[in-house]
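Below is one structure, written out as structure tokens; comments come after it.
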There are 2 protein chains.
Amino acid sequence: MASVQTLSKGEQTRERILAIAQDAVLHKGFAATSIDEIICEAGITKSGFFYHFRDKNDLAKSLLLRYLDNEWTVFDRLFKQADELSDDPLHSYLIFLKLFADVMGDLPNGHPGCLVASYVYQDYLFSQDVRDMTTEGHRIWRRRFRERLDRIAERYPPRIEVSLDDMADMLSSVADGGIILSKSLHDPQVLPRQIMQYRNYVKLVFLGN
Amino acid sequence: MASVQTLSKGEQTRERILAIAQDAVLHKGFAATSIDEIICEAGITKSGFFYHFRDKNDLAKSLLLRYLDNEWTVFDRLFKQADELSDDPLHSYLIFLKLFADVMGDLPNGHPGCLVASYVYQDYLFSQDVRDMTTEGHRIWRRRFRERLDRIAERYPPRIEVSLDDMADMLSSVADGGIILSKSLHDPQVLPRQIMQYRNYVKLVFLGN
DNA sequence: TGAGAACCGCACTCGAAGTACAGTACTCAT
DNA sequence: ATGAGTACTGTACTTCGAGTGCGGTTCTCA
């Protein structure tokens, strides 16, 4: 997921801590994720941990930043790929959705979980700036998908009256919901199939079939 | 939400504990929800708490049972209402979805959160039987929505090739995702609007407009 | 080669989770 | 009215993890 470039030793350790912590947080929640267990798995001491993070809230913030960053990287790559395959905004978006579904379906153990969604269900644990980050994350996703939909709507007038903001949000919605369903039903394929349902909807709205 | 019938004193206390606990769990996660804070708000002692629940896992189980029960009650009422307004399976489902969206939009502070979704992001905290309950909950939802879609598809052949299981799952998906978006964006109206997007999709698939 | 980066070790404080058990007050059927 | 539950209270205790402080050590790289 993260770009494999030369990381200093400190950055490597930091990254290892974050990866371990994220996995734990997605399975137990933030409060139940103890620093002791993280450092144990990372093979460092508590002092080592606090060298990298001021306190636990700092860890929370760093985790979220890293997660959002990784998401952007993936989405950017997929959008770029799609744009290379078609100049048409609608077909590019449909290709992107197919690529997205494929990538989500190919994850060996299924999607590990959305950290943003997880944080939303623990908002009282975090400082205001961390909570603002989840809000901002969703706003940015909305804006980015919305941009695509605007360009599509210019060329393909929607067959029904529909809010493009809502349609943009729906991808986040279906992805977050699909991840939850996939995890709950122990079926990694539910998420990609849900994304394809959203793709169907987009097709029906702009193409009618 | 819960039927207002005569509850014994013990049942009243139990219900009060569960309501307080659910609210806390949806905002902080299960692990961060302390028994001390629950009993403080409920006006009882720790011993009183452990009279009603064997341990914290028992509380988790009871919380989930109560939540699922309440959900069934709401869905049953809405389905019944919709069935009274139309004999046609498609129109009944569309009415149901509109009612569902309205109810979700009329909640004064927005939807408090889906306990099932919250549990999925903390699965390691719970015993196997509790985890199985979230799985079973989603399976039942799928089956119930699927039944409706089957009856619809008999009368209205779908305009596109589509899996009815996926379409059934999509309501859970959009609801769970919509709740997360609503909470994150501090906009209670996102959830009902997402449900209406799903309703659009259903209309487009079976009616074409 | 030396200065900073990246840790380790240890010894704490503090608060909260969870357990155990004995005792008490209330309630309701007979 | 009374005794058998029901529904708690009070207290005392163990355990565990967050977080702090600080001195020492080992690497890494310019």
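Note that the coordinates shown come from a computational prediction; the quantities given were computed from them, not determined experimentally.
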Phosphate OP1/OP2 of D:dC8 contacted by B:Y51 side-chain N/O (<4.0 Å): no

Any B:T13 side-chain nitrogen or oxygen under 4.0 Å from OP1 or OP2 of D:dC8: yes

Contact letters for nucleotides 19-30 of chain D, in which S counts primed atoms plus P, OP1 and OP2 and B counts the base, heavy atoms under 4.0 Å: BB-------S--

With B:D165 via salt bridge (Lys or Arg N to Asp or Glu O under 4.0 Å) - residues at least two apart: B:R146

Gap between atoms CD1 and C1', on A:I39 and D:dG17 respectively (whole Å): 11 Å

Rounded distance (Å) that lies between atom P of D:dT6 and atom CZ of B:F49: 20 Å

Whole angstrom value for the distance that separates P of C:dA6 from CD of A:E11: 8 Å

Whole-Å distance separating the CD atom of A:E15 from the C1' atom of C:dA6: 17 Å

Nearest-Å distance for atom pair CD1/P, residues A:I44 and C:dA5: 18 Å

Over-ring placement of B:R148 relative to B:F79, 6.0 Å and 45° cut-offs: yes

Euclidean distance, atom CZ of residue B:R16 to atom C1' of D:dC8 [Å, nearest integer]: 12 Å

Qualifying residues under side chain to side chain donor-acceptor pair (under 3.5 Å), relative to A:D23, sequence neighbours excluded: none

Euclidean distance, atom CZ of residue A:R14 to atom C1' of C:dA5 [Å, nearest integer]: 15 Å

Exam field: side chain A:Q122 to backbone A:S118, donor-acceptor pair closer than 3.5 Å: yes

Integer-rounded Å distance: C:dC7 C1' and A:Q12 CD: 14 Å

Residue-phosphate contact under 4.0 Å: B:H52 side-chain N/O, D:dA7 OP1/OP2: no

Selection residues 16-45 of chain A - residue pairs positive for ring-ring contact (aromatic ring centres under 6.0 Å, His included), sequence neighbours left out: A:H27-B:Y124, A:F30-A:F126

Atom pairs and distances, side-chain donor-acceptor, residues 107-117 of chain A, under 3.5 Å, sequence neighbours left out:
| residue | atom | partner | partner atom | Å |
| --- | --- | --- | --- | --- |
| A:H111 | ND1 | A:G113 | N | 2.9 |

Pairwise salt bridge (Lys or Arg N to Asp or Glu O under 4.0 Å) hits with a residue in residues 38-60 of chain A, at least two apart: A:D36-A:K46

